Novice: 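Structure incoming, see below.
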Amino acid sequence: MKNNIKYLVTAALPYANNYVHIGHVAGAILPPDIYVRFRKLKNDDVIFICGSDEHGTAIEMASILEKVTPQEIIDRYHFSNKKAFEDLGIRFDIFSRTSSEIHKVTASEFFLNLYNKKLLYQKTEKQLYSEKEKRFLADRFISGTCPVCGFEEARGDECENCGSNLSPLELINPRSKITGDTPVEKETTHFYIPLADYQEKLSEWLSEKKNWKANVINYCKGWLKSGLRDRAVTRDLDWGVKVPVKGNDGKVIYVWFEAPIGYISMTKEFFIGKNEPEKWKEYWSGKDSRLIHFIGKDNIVFHSIIFPSMLMAHGGFNLPYNIPANEFLNIGGRKFSKTRGNAILLRDIVQKFNPDVVRYTIASIFPENKDSEFTWEDLQAKNNNELASILGNFVNRTVVFAKSKFGNVIPEFPDSGSHMKENGILEHIKSKADAVADNIENFRFRDALSEAMDAVRSANKYFNDSEPWKLIKDDKEKCSAVINTCLEICHSLAILFEPFLPFTSDKILHILDKDTSGLKWENIGKRVLKSGTALGENSILFPQIEDSTVKELNLKYNIGIDPGNSPVNVEDTNNMNVISIEDFHKVKLRVAKVLKCEIVPGSKKLLRLKLKVGDTEKQIVSGISEHYKPEEIEGRLIIIADNLKPSKIMGIDSEGMLLAAKKGGKLKIVTVDGDIEDGAEVN
RNA sequence: GCCGGGAUAGCUCAGCUGGUUAGAGCGUCGGAAUCAUAAUCCGCAGGUCGGGGGUUCAAGUCCCUCUCCCGGUACCA
């Protein structure tokens, strides 16, 4: 049933200084894709907007550190992320970027609108300025000695040693992180938006939002309660949208102000591409239009407080209808972290697995109410026990049956006879679809998915209870009705699962030799197939995922290594924690002689080493076979951590760890300078 | 320090304004079936709902307190 509402759905703009990981996907990308796909199946008027957020200090910093242009940085991540989203089946109507011309114009106009209405004011402040680089230094470009604890590598915004929040001006001996020179204090003038002016209107507006998620409302209340502070909307930086007011050279619009305007400019761009350059206004200003922002919880303030304030200040735009923010997806009990090497990048995971398996796994653990936990074991279990066993198997057993017993065509559904059960199961699938729809409309995607899976369970039950393998022997007509119905169910499932598993949905249609003309939500539970149609080639929808794959991935992503037991917990290679000599002595390093070395069969990079350490022999498993052949290591002296807690890697005991130096894909094992007896202590 | 959120079966999580024997999926175990990727279906078992105290006829659900985890934010400088 089509309604008159226009849905303008946005996904949080990924920042183009990194590859997106599955945490982003779980928080802000996949939920809207499911939502939008569902709306489209219902023939609702919906558009799905996203793109890269490409300005700001972090990108400029990255470009300086890598000695490339900012353009190279953003191109790298923009195109890679775009491709990764496509591979996952995320179907944006547009995935653009904030470096586009239309965005710069739109953001400038927005800024000028506020400026001309005198809704911004200017204020002069002291900031640190590097005379050598001829630029003001952003907080994160500065390090210095912490005035609180004396830590010498404190950052401009906070001290990682004592946790104090700092302003760069407080640092003792501040220096530029780029050149190392000492900056000076210099005055600079910036535009500010007085957010407090919008506090009352915001409170009023938010108090009407009865159906928003509690976590979002709570968050907003907290901010409003403590009072909104004015925020600078410009800053001294090269990389960004220039401030469109004379006398502001070297200043750009602050990225927090400019980026959300990207939603607007990208909508414009989308309709320009469709030759309807004015139509974007219907979505942003129309009476029956609903703006829905899908974001992660880190973005709640911007979307529920700051951007709405901006929209109020500007006027003429709808405020967000809903902001179904998700919490965070963790891995191994910890947050995704680049430095720990445990971030699972979208580009990697879609290469390794069927994207629908990734979609299913993530959707089933969406952090809708609280942070949730991703494990590879989970992905394997969801694939093997749910997708393969329940869904894949239902389709397969039905199709294989039709092929072998009905000559590879869709058998007839006879007019005669009673078909209570046959019609009943289709009605039941339909009622499940209603439950799925209700859940999706209310942003309860996990529940929606589990309802959909329930529909397949009942389909399997129908198959079992009908016992077609018996009917084929003594009541072929009834059997025909059953298998026909099961194939119809397959078609219904293709629709029902399309929002979650679009690739699988497609495959099922192929197997049924059906085009997408019937792919409408209203067709769920209806009989739409033509009997006599030859079935397409059947394929296994979800091949099993082996244990060895899971172990390999756990190793690769450093999962399962107990952080509490490691004596030295290195948080960040740039900023190493200081440890005592006692801490160091906890690690017993010894020289070991490699007696025998062999590749661990089935592994990607594991070697099994038999070692002689003084009087004892031990075995370790090490992930270095991409760098060393077994014969290169045999007979050599290496250094091992001797008293490491033993562990099993791919079922093989490992009683230590060899030392190796690693940088940028290169790896060299640590050895000794000359000959010495194995077992010798290293310190 | 202060504010907010979290701690529920082996695992991942639901439990709205307090109300009959605390739920689901997966896993485990038992049974049925054999068309199907040994895939299905049915059933049993599993929790003193982080600890302690309180309010109430009744608390996972409200109040107090403690422990641990995660966010946000202030000051001392």
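On a predicted model such as this, the values are computed, not experimentally measured, just so you know. What's counted below: heavy atoms across the whole structure, side chains too, no hydrogens, waters or symmetry copies. All chains are named by letter (A, B, ...) in the order of the sequence lines, taking the proteins before the strands, and each is independently numbered beginning at 1.
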Novice: Validate the cation-pi geometry between A:Lys297 and A:Phe328: distance from NZ or CZ to the six-membered ring centre under 6.0 Å, angle to the ring axis within 45°.
Specialist: yes
Novice: What is the distance from CG of A:Asp371 to P of B:rG72, rounded to the nearest Å?
Specialist: 12 Å
Novice: Considering only atom C1', compute the distance from B:rG47 to B:rU8 and round it to an integer number of Å.
Specialist: 8 Å
Novice: For a quick check of understanding: with a heavy-atom distance under 4.0 Å over all strands, which category does A:Arg229 fall into, base, sugar-phosphate or nothing?
Specialist: sugar-phosphate
Novice: Stem finding on RNA chain B, please: runs of three or more consecutive Watson-Crick or G-U wobble pairs, both distances under 3.5 Å, sorted by first number.
Specialist: B:1-7 with B:67-73, B:10-13 with B:23-26, B:29-32 with B:40-43, B:50-54 with B:62-66
Novice: If you measure from the C1' atom in B:rA45 to the same atom in B:rG27, how many Å do you get, rounded?
Specialist: 13 Å
Novice: Using a heavy-atom cut-off of under 4.0 Å over every strand shown, decide if A:Ser372 touches base, sugar-phosphate, or nothing.
Specialist: sugar-phosphate
Novice: Quantified in whole Å, what is the C1' atom distance between nucleotide B:rC44 and nucleotide B:rA9?
Specialist: 15 Å
Novice: For A:Ala363 versus A:Arg446, what's the shortest heavy-atom pair and its separation?
Specialist: O-CG, 3.1 Å
Novice: May I ask you to decide if the ring planes of A:Phe463 and A:Phe401 are parallel, tilted or perpendicular, using 30° and 60° as cut-offs?
Specialist: perpendicular
Novice: For A:Phe394, answer base if it contacts any base atom (sugar-phosphate contacts may also be present), sugar-phosphate if it contacts only those atoms, and nothing otherwise; contact means non-hydrogen atoms under 4.0 Å.
Specialist: nothing
Novice: I'd like the C1' distance from B:rU17 over to B:rG60, given in whole Å.
Specialist: 16 Å
Novice: Measure NZ/A:Lys421 against P/B:rC41 and give the value in whole Å, please.
Specialist: 15 Å
Novice: Taking only the P atom of each, what is the distance from B:rG72 to B:rC64 in whole angstrom?
Specialist: 25 Å
Novice: Is the distance from the ring center of A:Trp256 to that of A:Phe307 below 6.0 Å?
Specialist: no
Novice: Work out how far the C1' atom of B:rA33 is from that of B:rC26, and round it to whole angstrom.
Specialist: 22 Å
Novice: Write down the distance between CD (A:Gln380) and P (B:rC11), rounded to a whole number of angstrom.
Specialist: 18 Å
Novice: What's the gap between B:rC76 and B:rG15 when it is taken at their P atoms, as a whole Å value?
Specialist: 42 Å
Novice: Report the residue (A:Ser458 or A:Leu541) whose heavy-atom-nearest nucleotide on RNA chain B is the more 5′ of the two.
Specialist: A:Leu541
Novice: What's the CD-P distance between A:Glu373 and B:rC69, to the nearest Å?
Specialist: 16 Å
Novice: How would nucleotides 24-36 of chain B be written as a contact map, 5' to 3', with B for base contact, S for sugar-phosphate-only contact and - for no contact, using protein heavy atoms under 4.0 Å?
Specialist: -SSS-----SSBB
Novice: Rounded off to whole Å, could you give me the CG-to-P distance for the A:Asn330 and B:rU12 pair?
Specialist: 12 Å
Novice: Parallel, tilted or perpendicular for A:His24 and A:His21, by the 30°/60° rule?
Specialist: parallel
Novice: Please classify B:rG46 as syn or anti, treating any glycosidic angle within 90° of 0 as syn.
Specialist: syn
Novice: In whole Å, I'd like the distance from the CD atom of A:Glu377 to the P atom of B:rU12.
Specialist: 11 Å
Novice: Taking the six-membered ring of A:Phe542, is the NZ or CZ of A:Lys382 close enough (under 6.0 Å from the centre) and on axis enough (within 45°)?
Specialist: no
Novice: What integer number of Å spans the C1' atoms of B:rG50 and B:rA32?
Specialist: 42 Å
Novice: Looking only at side-chain N and O atoms, does A:Asp547 offer a donor or acceptor that is under 3.5 Å from a partner on A:Gln380?
Specialist: yes
Novice: Report yes or no: do A:Lys209 and A:Asn322 form a side-chain donor-acceptor pair below 3.5 Å?
Specialist: no
Novice: Could you check whether A:Ile365 gets within reach of a base, just the sugar-phosphate, or nothing at all, counting any heavy atom under 4.0 Å?
Specialist: sugar-phosphate
Novice: Whole angstroms only, please: what is the CD-P distance between A:Glu546 and B:rU37?
Specialist: 16 Å
Novice: Could you name each residue pair satisfying salt bridge (charged side-chain N to carboxylate O under 4.0 Å, His left out) that touches residues 452-463 of chain A, not counting sequence neighbours?
Specialist: A:Lys432-A:Asp454, A:Asp454-A:Arg457, A:Lys461-A:Asp465
Novice: In chain order, what residues pass the side-chain hydrogen bond (donor to acceptor under 3.5 Å, both in side chains) check against A:Asn384, with sequence neighbours excluded?
Specialist: A:Gln544
Novice: With a 3.5 Å cut-off and heavy atoms only, can you find an N or O donor on one side and an acceptor on the other between the side chain of A:Gln544 and the base of B:rU37?
Specialist: yes
Novice: Report the distance from atom CG of A:Leu329 to atom C1' of B:rC70, rounded to the nearest whole Å.
Specialist: 14 Å
Novice: Classify every nucleotide of nucleotides 1-9 of chain B by which part a protein heavy atom approaches to under 4.0 Å, writing B for the base, S for the sugar-phosphate alone and - for neither, in 5'-to-3' order.
Specialist: -----SS--
Novice: Could you list the donor-acceptor pairs under 3.5 angstrom formed by side chains in residues 28-35 of chain A, with sequence neighbours left out?
Specialist:
| unit_1 | atom_1 | unit_2 | atom_2 | d |
| --- | --- | --- | --- | --- |
| A:Asp33 | OD1 | A:Arg91 | N | 2.8 |
| A:Asp33 | OD2 | A:Arg37 | NE | 3.0 |
| A:Asp33 | OD2 | A:Arg359 | NH1 | 3.0 |
| A:Asp33 | OD2 | A:Arg359 | NH2 | 2.7 |
| A:Tyr35 | OH | A:Arg39 | NE | 3.3 |
| A:Tyr35 | OH | A:Arg39 | NH2 | 3.2 |

Novice: If we count only N and O atoms by modelled type, under 3.5 Å, do the side chains of A:Asn538 and A:Asn396 hold a donor and an acceptor together?
Specialist: yes
Novice: What I want to check is whether the side chains of A:Asn554 and A:Glu377 have a donor and an acceptor closer together than 3.5 Å.
Specialist: yes
